[in-house]
**Q** 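Sharing a structure below in structure tokens format, with a few things to ask.
Indexing begins at 1, ligand by ligand and atom by atom, following the structure's order.
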Amino acid sequence: MTSVKGTMKAKVVPRVKIISMGNTEVGKSCIIKRYCEKRFVNKYLATIGIDYGVTRVTVKDRDVKVNIFDMAGHPIFYEVRNEFYRDTQGAVIVYDVSERSSFESLEEWVNEMKSEIGNQSDLENVVVCVCANKIDKKRAVDEVEGRLWASGHGFHYFETSAQTGEGVNELFKTLLEGVISTVENGGKKIPVVTQLGYSKDQIEAIQRLKNSKSDYERLGLSVGASKDDVNKAYRKLAVLLHPDKSVAPGSEEAFKLLVAARTTLLKRC
Ligand code: GTP
Ligand code: MG
């Protein structure tokens with residue numbers, strides 16, 4: 001630490017305000033409990049309206065007082081939680097990787113935050129961490145989908161399990177460091193840099209190839225498509241997924257499925 005002739009100022013940081021968002025039962029309260037109290041509660045106790053807690057932590061060598069507003073995810077509590085968005089500096093937006101609908105709701109949560117936070121441009125300076133929780137369970141949402149959604153919004157992304165504790169400290173470390181950096185930067189958020197190296201189109205193509213029930217579906221064709229259609233669809237997907245070019249996770253397996261589907265369909269034409 002450097003001190004210039006007794007002019008070193010104590011690094012005073014005002015209180016920090018953090019909120020949690022996401023559908024009911026995704027694990028918001030458990031993630032906060034895991035972080036603050038280092039424990040996990042298996043029994044579901046729905047948050048009624050809002051839970052408030054304070055914790056003191058050291059972030060970037062500063063003693064920081066963190067005010068956490070843990071929101072209830074159930075729609076009936078909208079009227080209660082809507083007034084707590086204002087002045088938020090950091091947000092944890094949670095979904096449950098074993099519940100696809102909770103991932104599909106993320107956009108609605110962002111919209112709710114945008115409309116309630118007051119000045120729209122304030123949101124640009126809120127540090128947001130997307131939290132893909134319950135990774136100890138069987139997944140309905142792949143990591144790549146979550147990462148893609150988060151990076152598309154300029155948000156950080158973390159995989160967590162409140163049950164095992166995995167990822168929880170890292171999530172809060174990034175969130176709080178981001179908030180403090182924003183304060184240090186005069187209230188302006190430092191953009192999240194993500195270098196995924198793959199696109200939404202690539203991920204969607206990989207998923208369709210992996211999850212489709214028929215070869216026609218894999219290539220995005222209707223039953224009875226012509227030889228020409230098959231080759232056209234094949235070429236389009238091959239450009240997206242060729243393992244020499246694509247770094248999207250699952251490209252290699254998807255490319256094999258693509259080649260096999262094309263071979264089978266051409267035999268039928
Ligand atoms: P609301 O307060 O209704 O909005 O729900 P919430 O998002 O706060 O969910 P909560 O933290 O209360 O957790 C809901 C249920 O999920 C509880 O039964 C938890 O024990 C369970 N749960 C939370 N996190 C995890 C996790 O990482 N893994 C597993 N397996 N279960 C979890
Ligand atoms: Mg809760």
Side-chain angles (χ1 to χ4, degrees), residues 16-55 57 66-117 126-147 149-150 153 155-176:
V16 160
K17 178 175 174 179
I18 300 295
I19 58 168
S20 69
M21 297 183 292
N23 281 10
T24 189
E25 276 193 68
V26 293
K28 300 177 293 297
S29 302
C30 285
I31 288 162
I32 293 165
K33 201 173 278 292
R34 167 62 77 184
Y35 178 66
C36 297
E37 299 171 24
K38 315 279 175 248
R39 66 193 182 98
F40 175 71
V41 183
N42 212 18
K43 193 165 167 268
Y44 173 47
L45 287 165
T47 303
I48 309 296
I50 203 118
D51 264 348
Y52 169 71
V54 186
T55 188
V57 286
V66 186
N67 294 285
I68 305 178
F69 294 82
D70 176 24
M71 294 189 175
H74 199 283
I76 57 166
F77 295 116
Y78 167 70
E79 294 295 340
V80 183
R81 62 175 185 257
N82 65 0
E83 62 190 89
F84 291 95
Y85 281 103
R86 207 165 283 271
D87 304 325
T88 292
Q89 293 160 288
V92 183
I93 178 164
V94 185
Y95 69 94
D96 170 350
V97 296
S98 71
E99 272 298 326
R100 194 155 187 98
S101 59
S102 69
F103 174 66
E104 286 161 356
S105 296
L106 293 181
E107 208 66 53
E108 280 169 49
W109 283 100
V110 173
N111 289 339
E112 181 172 308
M113 174 162 65
K114 273 185 187 161
S115 67
E116 297 304 330
I117 210 153
V126 178
V127 180
V128 181
C129 285
V130 176
C131 176
N133 191 41
K134 305 200 189 180
I135 55 167
D136 55 282
K137 291 180 79 177
K138 191 174 176 321
R139 276 180 182 268
V141 186
D142 284 345
E143 182 177 344
V144 283
E145 283 184 87
R147 282 196 184 280
W149 188 86
H153 287 74
F155 300 157
H156 298 278
Y157 175 87
F158 286 89
E159 298 243 304
T160 64
S161 165
Q163 188 181 68
T164 66
E166 194 176 337
V168 175
N169 284 340
E170 292 81 352
L171 160 81
F172 280 96
K173 185 171 186 286
T174 299
L175 182 71
L176 295 171

**Q** Does the N or O separation between Asp70 and ligand 1 drop below 3.5 Å for any pair?
**A**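 The answer is no, given that Asp70 and ligand 1 share no N or O pair closer than 3.5 Å.
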
**Q** Side-chain contact, heavy-atom cut-off 4.5 Å: His156 with Val127?
**A**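 The answer is yes; the side chains approach within 4.5 Å.
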
**Q** Name the option, out of Arg81, Lys134, Lys28, that contains the heavy atom nearest to atom 7 (O) of ligand 1.
**A**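 Shortest heavy-atom distance from atom 7 (O) of ligand 1: Lys28.
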
**Q** Any heavy atom of Phe40 closer to ligand 1 than 4.0 angstrom?
**A**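 So Phe40 counts as touching ligand 1.
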
**Q** Side chains of Phe69 and Tyr85: closer than 4.5 Å at any heavy-atom pair?
**A**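 No - every pair of side-chain heavy atoms lies 4.5 Å or more apart.
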
**Q** So, is Met71 placed with an N/O/S atom under 2.8 Å from the Mg ion (ligand 2), counting both backbone and side chain?
**A**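 Coordinating: no.
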
**Q** Rounded to the nearest 0.5 Å, how far apart are CZ of Arg34 and CG of Asn133?
**A**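 One gets 10.5 Å once the value is rounded to the nearest 0.5 Å.
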
**Q** I'd like to know if the side chain of Gln89 and the backbone of Lys17 have a donor-acceptor N/O pair within less than 3.5 Å.
**A**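 A pair under 3.5 Å: yes.
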
**Q** Among Asp70, Asn67, Ile68, find the residue that satisfies the side chain to side chain contact (heavy atoms under 4.5 Å, CB included) test when tested with Tyr52.
**A**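 The single option meeting the side chain to side chain contact (heavy atoms under 4.5 Å, CB included) with Tyr52 is Asn67.
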
**Q** Under 3.5 Å between any N/O of Lys137 and any N/O of ligand 1: does that happen in this structure?
**A**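 The answer is no, given that Lys137 and ligand 1 share no N or O pair closer than 3.5 Å.
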
**Q** Give the contacting part of Cys30 toward ligand 1: side chain, backbone, both or neither, where contact means a heavy-atom distance below 4.0 Å.
**A**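 Both parts.
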
**Q** With atom 8 (O) of ligand 1 as the reference point, say which of Cys131, Ser29, Ser20 has the nearest heavy atom.
**A**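 When every heavy atom of Cys131, Ser29, Ser20 is considered, Ser29 comes closest to atom 8 (O) of ligand 1.
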
**Q** Closer than 2.8 Å to the Mg ion (ligand 2), do we get an N, O or S atom from Ser29, backbone or side chain?
**A**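 Coordinating: yes.
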
**Q** Tell me the contacting part of Asp136 for ligand 1: side chain, backbone, both, or neither, using a 4.0 Å heavy-atom threshold, strictly below.
**A**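 Contact part for Asp136 vs ligand 1: side chain (C-beta onward).
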
**Q** Over all heavy atoms of both residues, which pair between Asn23 and Ser101 is shortest? Give the atoms and the distance, please.
**A**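 Minimum heavy-atom separation between Asn23 and Ser101: ND2-O, 3.8 Å.
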
**Q** Answer with yes or no whether the side chains of Ser102 and Asp96 bring together a donor and an acceptor at under 3.5 Å.
**A**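 No, no side-chain donor-acceptor contact under 3.5 Å.
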
**Q** Do any nitrogen or oxygen atoms of Gly27 lie less than 3.5 angstrom from nitrogen or oxygen atoms of ligand 1?
**A**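 Yes; the residue has a nitrogen or oxygen that sits under 3.5 Å from a nitrogen or oxygen of the ligand.
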
